[in-house]
Structures are given as C-alpha cells and as structure tokens.
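For the numbers below, each heavy atom of this structure counts, side chains included, while hydrogens, waters and symmetry mates do not. Fair warning: this is a prediction, and the values are worked out from it, not measured in the lab.
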Amino acid sequence: MAGKVHSPVVDGFDAWFAAFTKPTVLIELGALLVCLGLAWALVALLRRGLKTSNSILFGRSVVDGALFPLLLLAFGYLAKTLLQQWVPSAVWVVVIPVLVALAVIRVGVKVLQVAFPQATWVRPVERSISWLVWLAMVLWVTGLLPLVLQELEQITWKVGGSTLSLRTLIEGALTAGVVLLLSLWISAAIESRLLRSAVGGDLSLRKAVSNATRALLMFVGLIVGLSAVGIDLTALSVLGGAIGVGIGFGLQKLAANYVSGFVILAERSLRIGDNVRVDNFEGIVTDIKTRYTVIRSLAGRESIVPNEMIITSRVENLSLADPRVWASTVVSVAYDSDVDQVMRLLLEATLRCERVLREPGPSVALSNFGADGLEFTVGYWIADPQNGQLGLRSQINVAILQTLRAHHIDIPYPQRVVHVTQPLAAPH
C-alpha cells in the first residue's frame, strides 16, 4: 500500500483526464459491466443451488452479502490485468480502490450482523468502519496515503524500553480488528453448521461447543492483535494475576454463572425447548447463554435466570423425562345424584376434548364430601403443556357443564340450614 501508487494526483490529473477521454474508456466500461453481470449471475446461481440466505457470504439478497463485492473485485482485477496490455488504465484506477472499499465494508458489516444479531452497538460500529474505509480509499486514490503514513511515522513516544509510533499503533489496531473479524467469521460459520437441524439435547450440546469455540477464537484473536500492536505478552501475567484476585473477591458470582452455563450445556440437564419451573416462574427455555438462561412464559413474558441459580436451586423440568403432564379439575353435584352416572358422564365429557390423552386415559374419583355436595376430581393427561392448560381446563369445564345440564344433574349452590328454636310459651 505504501509503494508506488498510480493515481490522478501522482501521475497528474491532466494525463489521467486525457486517458479518460479516449475511446478505449468504452472498452473498460464494457469490461466493468461484464464483471458486474458475471458476479451477479454467479452469486444468484450459488444462492439457488445451495439454498442459503441471510449468511455472511450471501446475505438477504444477491448484492447484500460479502460474496458479491469479493467476486466483483476478483473479476475487476483480472479484467484490469488483461486489458492494461492493450489499453491504458483510466477507469480501473478509481474502480479497483472503490471495489476494495466495498468488499472490506461488506465483510466487516455482515460478520458483525451475524455474530451479534441483536446488539445495539453494532450499527455505530458499522458506520465507523464505513467512514474509515472510505477515508482510506480517498487517500489511496488521491495518492495522499503514503504521505499521511510518513507523517504518522514521525509521531513517536517511548513506552518502557520500546518506542512506538502512531502509525504502528494504527496498523496494529487494524491488524487486531481484521484478526477479530476473521475469528468471528470462523466462529459464526462453525455455529451455523453445528446448530443446523439440531433440536432438544443435541441443540444444547452443540450450543456449548459453539460458545466454547467462539471464546477460544476470540482469545486467540486478541492475543494476535496485542502482539501486532507491539505489547509484550509477558506483561499480561500481571494482568492475569489481577483478574484472578478480582474473581476471588468481587467477581465470584459472574465467574460462577459462566462456569454454571458450560456445566448446563455440557450435562444437558436443561435443554432448549424444555418446559421448566424456576422460582415459581414457568415457561419454555428459549436460549441458554454462558451467563444466563432465557425462559419465556406462555403469557409472553421473558425471565432471565442466572445460570448459578439453575445449578444451586430446585428446578422442575416438566419435559425432561416425559413430556406428558397430569392436570385436574373439581366438580360438585347434589347429594341425591347417581354417583355411577355422574362418574360416567364426567369421563365422557373429558374425552370429548382432543388434547386429552387416551393412553393413559382420564380418571374420575369421588374425592370429598363437601359442605354443599359431592365433590368429584377429574384427572387427565396432556402431551403438549407448552400450549397452556387454562384453555383446556375451560374447555373441559364447559363440556362437563353442558353434559350435567343435559341430564338434569344439579350443581348445588352454597347452602346453609338455619334451625330456629321456638321459646317455650310463658304461663298465663
């Protein structure tokens, strides 16, 4: 980048403009259109053949992913190399830097979008990357980039036994950013491959492997980035000791949550999709992070539960061993009712509900002699507790009410018998 640069400023704007006004420019423009068509057609064919979308390479459309600008850059560089043997380069002097900037921006943006799909800080980082890349492209095209780098090299200061320059720090930061983006790209590809068509316990195990792989790649990328900046890695031993002391005194809970997260994912005691009850909060496990677990109730509320709480407290998993759940409802009838008939009618009304399992089937028991009537408990099994129980209980109660009314069986109102004792008449 810092070598000889052919640009309008270095070679002279007049010479570049003269080359741009020649008829050979039409050949370059035609080659550019051919490169655009080839890149678009190849990406469209790959999207159709691989049946993939919303990834780093393919994105949501043909031109949204990183593959389109990368292919366009490759075709453009090949066309420039072939054409410069016969015609002077005028269009490619500007087009190649623009294509490089587009490829860098698209790769960085898509990697961040896929690696952190819901993070709010991704959008400002994307804009910062775009502005920096376009600034570097303008400096490259105008030929000012070598001059700027030379001036940055002159700004130095001494840190310990080494001398650092502003150019070294900037290049090191860029290298660290590139390494971290590559690490995120690789981890996102591994996560996509691991989580594809995985469900239940297999999904949780693959999620654990994916999280561990991303953490390892990020750590390696950070080490490489620090080395590129020029930081002595032996100095990190002091930082490691300080972090260890911090974990021992103030970060026990945070460290315990991370360790508990890996234990949950490795043991598969809790899986994505399980119906659980934690601290009187019942819902479906929608995600298991390394620090917390997200549980979504049937009412739409989400609870973020620290992983340490799941490890150390009592958790009811309603779908770990058997997804079937037993539920019940209580019905009262008058004391003069036929018990056998009532039990038969209650059983028939319960079986009319489709969600009630036939094996094991529902049961009816005379559970109590109430103050106002005979109390029957109707028990039944369901296999889809994630769909809720209140609607089913209402459906069963309505069916029972209709059946009892059709057979003229009374559901008693609360009754109280008051005995009035007449006082003895006084003698006259």
Side-chain angles (χ1 to χ4, degrees), residues 199-200 270-286 295-303 305 313-423:
V199 294
L270 203 67
R271 302 166 299 184
I272 297 176
D274 283 352
N275 187 19
V276 299
R277 183 182 292 112
V278 182
D279 194 23
N280 294 326
F281 186 88
E282 182 178 345
I284 306 297
V285 177
T286 58
I295 301 176
R296 181 179 179 85
S297 69
L298 298 176
R301 296 178 300 165
E302 285 189 342
S303 176
V305 182
S313 62
R314 177 176 176 268
V315 178
E316 293 185 43
N317 195 332
L318 306 180
S319 55
L320 180 59
D322 192 343
R324 296 177 299 182
V325 174
W326 185 84
S328 64
T329 185
V330 178
V331 182
S332 295
V333 298
Y335 270 102
D336 57 353
S337 303
D338 187 345
V339 174
D340 293 333
Q341 182 190 22
V342 171
M343 296 179 69
R344 178 175 55 82
L345 294 176
L346 293 179
L347 193 63
E348 293 175 355
T350 306
L351 287 173
R352 287 206 297 267
C353 300
E354 296 180 356
R355 290 179 57 190
V356 175
L357 295 179
R358 270 57 180 173
E359 183 61 36
S363 61
V364 180
L366 178 58
S367 57
N368 190 26
F369 295 98
D372 305 310
L374 299 174
E375 293 184 1
F376 293 85
T377 299
V378 181
Y380 51 91
W381 291 86
I382 59 175
D384 53 351
Q386 67 275 8
N387 294 328
Q389 300 182 26
L390 182 59
L392 177 60
R393 183 176 290 110
S394 173
Q395 184 180 1
I396 292 175
N397 288 338
V398 170
I400 291 174
L401 181 61
Q402 293 174 350
T403 300
L404 295 180
R405 286 179 175 175
H407 290 79
H408 307 289
I409 297 176
D410 294 331
I411 298 178
Y413 295 99
Q415 302 180 34
R416 295 296 180 268
V417 178
V418 179
H419 297 277
V420 178
T421 301
Q422 292 288 342

Give every donor-acceptor pair under 3.5 Å between a side-chain atom in residues 402-411 and any protein atom, sequence neighbours left out.
from: T403; atom 1: OG1; to: R352; atom 2: NH2; distance (Å): 2.8
from: T403; atom 1: OG1; to: A399; atom 2: O; distance (Å): 2.8
from: H407; atom 1: ND1; to: T403; atom 2: O; distance (Å): 3.0

Run the side-chain donor-acceptor check on residues 329-339: report pairs under 3.5 Å with partners two or more places apart or on a different chain.
from: T329; atom 1: OG1; to: N397; atom 2: OD1; distance (Å): 2.9
from: Y335; atom 1: OH; to: G370; atom 2: O; distance (Å): 2.5
from: S337; atom 1: OG; to: A334; atom 2: O; distance (Å): 3.0
from: D338; atom 1: OD1; to: D340; atom 2: N; distance (Å): 3.2

**CZ on R324 to CG on D384, rounded to 0.5 Å** = 13.0 Å

**Item:** N/O donor-acceptor pair under 3.5 Å between S394 side chain and L390 backbone
**Value:** no

**Fill in**
side-chain hydrogen bond (donor to acceptor under 3.5 Å, both in side chains) filter on N368, not counting sequence neighbours, yields E375

**Message:** Taking salt bridge (Lys or Arg N to Asp or Glu O under 4.0 Å) as the definition, give me every residue that meets it alongside R296, ordered by chain and number, with sequence neighbours left out.
**Reply:** E302

**Prompt:** Among all residues two or more places apart in sequence or in another chain, which pass the salt bridge (Lys or Arg N to Asp or Glu O under 4.0 Å) test with E316?
**Reply:** R277, R314

**Atom pair CG (D274) and CD1 (I284), whose distance is rounded to the nearest 0.5 Å** = 8.0 Å

**Fill in**
In this structure, CD of E354 is separated from CG of L392 (nearest 0.5 Å) by 11.0 Å

**Message:** Using every non-hydrogen atom in the two residues, find where S328 and R393 come nearest and quote the distance to one decimal.
**Reply:** O-NE, 3.3 Å

**Item:** Side-chain heavy atoms of V356 within contact of W381, under 4.5 Å
**Value:** no

**Item:** Test side-chain contact (heavy atoms from CB on, under 4.5 Å) applied to R355 and Y380, step by step
**Value:** CA-CA 10 Å; R355 290 179 57 190; Y380 51 91; over 6 Å; no

**Asked** With sequence neighbours excluded, what pairs up with T377 under the side-chain hydrogen bond (donor to acceptor under 3.5 Å, both in side chains) test?
**Response** S367

